[in-house]
Amino acid sequence: MTSARASAVAAINNYKSNGHAWNFRETPTSEIFGANVFSDSVMKDRLPKSVYKALQATIKQGKPIDPNIADAVALAMKDWAIEKGATHYAHVFYPLTGLTAEKHDSFLTPTGDGDAIAEFSGKELIQGEPDASSFPSGGLRATFEARGYTAWDPTSPAYILDNPNGTTLCIPTAFCSWTGEALDKKTPLLRSMQAIDKQARRVLALFGHKDIGQVSASCGPEQEYFLIDRNFFFARPDLVMTGRTLFGAKPPKGQEFEDQYFGSIPERVLACMLDAERELFKLGVPVKTRHNEVAPSQYEIAPLYENANIATDHQQSIMQMLTRVAQKYGMACLLHEKPFAGINGSGKHVNWSIGCKLGNLLEPGETPHANMQFLVFCAAVIRAVHLHADMLRAVVAASGNDHRLGANEAPPAIISIFLGDQLADVFEQIEKGKATSSKSSGTLTVGVDTLPSLPKHAGDRNRTSPFAFTGNKFEFRAVGSSQSIAGPLVALNTIVAESLDYIATELEKVTGGDIGKLPAAVEKLLQKIVSDHKAVIFNGNGYSQEWHDEAKRRGLPNLKATPEALDVLVAPKNIALFEKYGVLSEREMRSRYDIYMERYCKDINTEAASAVQIAKTMILPAGYRYQGELVDTASKLQTLGKPVHMGTLDKLTKLVGEFEGRIESLEKTLSHHGAADLRAEVKHFHDDVIPAMVALRETADQMEVILPDDLWPLPTYREMLFIK
């Protein structure tokens with residue numbers, strides 16, 4: 001074993017936690033939850049009644065923010081933060097890198113007489129000005145034009161972020177250019193939530209509802225991730241540079257024993273989870289679930305449902321916190337969609353619904369066939385997904401996610417809807433005429449007298465479906481583990497808003513506002529929607545070749561790789577869709593297309609350059625050394641007159657020669673840059689660079705199983721996944 005690998009194993013054996021042991025008996029989680037959040041209760045205690053009332057109108061009813069209250073809010077926020085130990089404030093925003101960005105400013109202002117006072121004005125709360133020149137803009141601005149603005153988002157609460165040496169007041173903000181165009185993930189999300197609110201209100205008004213409050217999308221994202229020891233992580237240049245292993249032979253054991261999923265959580269991992277959860281509780285993140293996932297060293301964390309905007313901000317906090325806390329426990333958190341070949345990768349299941357004062361609008365109730373309002377909203381989603389399946393595929397497109405989608409571990413790239421037996425039956429009845437019954441859910445008896453009878457759901461779950469109805473929500477399972485959930489939510493909100501607009505318009509024309517005409521109008525419209533869009537409904541095995549063939553016959557798009565999926569962003573129909581509802585302008589859409597295409601090239605280029613460097617400086621020298629040992633052994637045996645078996649040397653010599661050739665081939669493909677246009681460059685990376693990388697890896701992985709353990713330079717899958 002090489003010194004780096006031996007040192008890593010020794011460090012794991014001698015590991016001692018740096019984490020702080022929290023006594024939950026003395027301080028229950030209920031006391032720490034939201035302790036670092038400028039929450040509704042904090043605002044109510046600290047703000048003048050008129051200011052509090054005005055701010056709540058913005059937060060809960062979507063009314064425009066009154067700029068006259070900014071100074072009072074800033075003063076209360078500052079005093080609260082300083083009491084919590086804060087010395088700085090930060091406008092936190094979400095640029096098109098998909099990561100979280102922040103600019104820190106001190107509260108202290110010199111007085112001119114050698115002293116300083118803590119100040120924070122309404123102007124400083126409402127607007128910040130970070131340098132925008134180094135963030136991706138996709139042509140929205142020239143690189144020499146640096147001005148960008150952050151704008152306070154009052155609908156997402158400010159919070160305190162703890163650090164061992166102090167705390168910082170963090171203020172969620174939108175980020176836009178000097179021209180007002182969105183340079184971030186939050187601004188389009190907020191616009192899309194306005195769009196779905198407006199169109200849903202029109203539909204609900206037809207049902208006679210008046211006092212419904214704001215209609216908002218809600219979200220509960222499930223985050224999958226890997227934890228490996230940091231010593232292994234730093235001994236793998238590919239993990240450090242790209243987030244995934246570019247080389248690695250399959251270990252003797254993977255996940256085929258099915259002993260990892262929901263198994264006992266290793267002690268160090270559980271300690272890390274508890275610490276991360278405690279910090280997230282303080283930030284008001286409603287973490288609910290933790291468990292082992294399918295692959296070795298893979299885990300999941302999932303929060304409860306929240307307003308989609310807040311859930312998106314919290315999702316970014318979850319990824320940051322997992323990464324930060326893992327370091328305290330000597331581990332590295334891997335959020336890449338496929339850090340290890342041959343075992344399951346990681347996704348992020350986005351559970352989505354919409355609701356208002358009336359409750360969850362996707363709640364079917366005990367008799368969904370008779371719940372006309374539910375059927376209308378569910379039909380709107382079916383229509384939206386069928387018409388805009390290409391857009392849903394586009395918003396999860398990334399080089400990392402290409403390793404998951406379409407494999408028998410994740411949803412296929414074909415976007416379809418799973419409804420379950422009960423709901424599928426209801427819509428089949430609607431198409432034939434009128435729904436008159438719903439399949440009973442019943443109870444489940446397990447055959448043991450001492451165990452209780454269990455309420456049984458009316459339909460099973462389908463893990464092969466990318467978009468599944470799961471009781472009172474839809475689960476979008478194709479999102480990648482490292483991705484921001486903002487893009488998928490923007491797409492979902494917008495396409496459903498378009499369908500609700502269509503439904504409201506059709507019903508308004510027929511009923512003229514007469515609620516007595518509504519049942520017949522809804523029945524007829526639902527029949528049309530089901531007939532026109534049932535092709536997207538599929539309850540079977542999404543992994544099967546039969547489904548791929550059937551989906552093609554149904555006319556469903558199958559966008560297998562990122563380049564063709566991203567092309568959808570600039571299709572005229574999609575540009576028109578997002579412009580119509582004020583979510584993204586054509587310039588903003590085209591900017592995102594350029595940014596994501598460029599990111600694809602950068603990702604693959606970084607991976608390929610890393611692969612060449614590792615191959616030339618680590619793996620190839622190890623092959624030469626073993627060749628030398630075998631030649632030396634053969635020479636000595638010949639000198640002694642002993643028989644010489646050259647099989648291993650012959651095989652290794654062939655592999656080393658092949659490896660050298662494939663290094664040269666990959667280097668040659670990388671030297672080809674400056675294609676005529678961005679799309680041509682993307683095609684080159686997809687068609688030429690990726691196959692060259694795959695070929696190089698195939699040879700390296702064959703060499704790994706031949707070379708002596710003490711010569712192989714990289715931590716192996718066996719070590720990284722199973723030594724904890």
Side-chain angles (χ1 to χ4, degrees), residues 2 4-5 233-250 336-342 398-403 561-564 566 596-628 630-631 649-707 711-717:
T2 63
R5 289 167 56 207
F233 175 79
F234 288 121
R236 293 280 316 211
D238 46 3
L239 280 177
V240 174
M241 288 290 102
T242 73
R244 76 179 183 100
T245 53
L246 303 174
F247 303 100
K250 184 179 179 180
H336 192 282
E337 285 73 21
K338 193 75 168 180
F340 302 101
S399 63
N401 220 14
D402 280 356
H403 295 284
T562 290
E564 57 184 327
L566 288 178
Y596 301 148
M597 283 292 205
E598 287 177 0
R599 177 58 186 264
Y600 181 83
C601 293
K602 290 175 182 177
D603 284 343
I604 304 303
N605 186 68
T606 301
E607 289 182 356
S610 298
V612 167
Q613 188 176 72
I614 293 169
K616 292 175 71 172
T617 65
M618 301 178 76
I619 298 175
L620 190 58
Y624 288 152
R625 291 189 185 106
Y626 191 37
Q627 267 188 313
L630 291 173
V631 169
L649 178 58
D650 290 342
K651 186 174 183 180
L652 179 61
T653 299
K654 180 182 177 183
L655 286 173
V656 168
E658 181 179 87
F659 196 57
E660 289 177 323
R662 290 183 170 181
I663 291 173
E664 292 175 5
S665 177
L666 181 53
E667 285 183 309
K668 185 177 180 180
T669 62
L670 275 177
S671 66
H672 169 77
H673 283 297
D677 56 55
L678 178 58
R679 188 60 180 83
E681 188 75 351
V682 169
K683 178 177 172 58
H684 165 66
F685 276 103
H686 179 267
D687 294 352
D688 302 326
V689 177
I690 290 178
M693 288 173 57
V694 171
L696 182 65
R697 176 174 190 152
E698 287 175 353
T699 306
D701 292 354
Q702 291 179 59
M703 290 171 64
E704 181 181 340
V705 298
I706 293 177
L707 266 62
L711 289 181
W712 187 251
L714 300 168
T716 65
Y717 276 25

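Keep in mind the model is a prediction, meaning the values are calculated, not measured.
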A side-chain contact here means heavy atoms from C-beta on lying under 4.5 Å apart; do Val682 and Glu564 qualify?
no

I'd like to know if the side chain of Asp402 pairs up with that of Thr562 as donor and acceptor (distance under 3.5 Å, no hydrogens or angles considered).
yes

Determine yes or no for a side-chain-to-main-chain donor-acceptor pair under 3.5 angstrom, with Arg236 supplying the side chain and Arg244 the backbone.
no

Using every non-hydrogen atom in the two residues, find where His336 and Gly400 come nearest and quote the distance to one decimal.
CE1-CA, 3.8 Å

Do other residues, nucleotides or ligands put more than 12 heavy atoms under 6.0 Å from the CE atom of Met618?
yes

Is Glu681 close to Met597 at the side-chain level, that is, under 4.5 Å between some pair of heavy atoms?
no

Smallest heavy-atom separation, Trp712 atom then Met703 atom, equals CZ3-C, 4.3 Å

For Asp701 against Gly248, the heavy-atom pair lying closest together:
OD1-N, 2.9 Å

Check the pair Glu660, Ile663 against side chain to side chain contact (heavy atoms under 4.5 Å, CB included), reporting the backbone distance first and the verdict last.
CA-CA 5 Å; Glu660 289 177 323; Ile663 291 173; 5.5 Å; no

Would you mind reporting whether Leu714 and Glu704 have side-chain heavy atoms less than 4.5 Å apart?
no

Check: His403 side chain, Ala341 main-chain N or O, donor-acceptor pair, under 3.5 Å:
no

Around atom CZ of Arg679, are there more than 12 heavy atoms of other residues, nucleotides or ligands at under 6.0 Å?
yes

For Asp603, the side-chain hydrogen bond (donor to acceptor under 3.5 Å, both in side chains) test, sequence neighbours excluded, returns Ser399, Arg599

Heavy-atom nearest pair, Thr242 first then Ser610, reads CG2-OG, 3.9 Å

Walk me through it: do Val631 and Leu649 pass the test side chain to side chain contact (heavy atoms under 4.5 Å, CB included)?
CA-CA 8 Å; Val631 169; Leu649 178 58; 4.0 Å; yes

Parallel, tilted or perpendicular: which fits the ring planes of Tyr717 and Phe340, with parallel below 30° and perpendicular above 60°?
perpendicular

With a 6.0 Å cut-off on ring centres, are Tyr600 and Phe685 close enough?
no

Nearest 0.5 Å, what's the CZ-CG distance between Arg625 and Leu711?
7.5 Å

By side-chain hydrogen bond (donor to acceptor under 3.5 Å, both in side chains), which residues pair with Lys616, not counting sequence neighbours?
Glu667

Sub-4.5 Å side-chain heavy-atom contact between Ile614 and Ile619
yes

Is a side-chain N or O of Thr606 found less than 3.5 angstrom from the main chain of Lys602, in a donor-acceptor match?
yes

Taking every non-hydrogen atom, the tightest pair across Arg697 and Leu246
CD-O, 3.2 Å

List the atom of Phe659, the atom of Leu696, and the distance in Å for their closest heavy-atom pair.
CE1-CD1, 3.3 Å

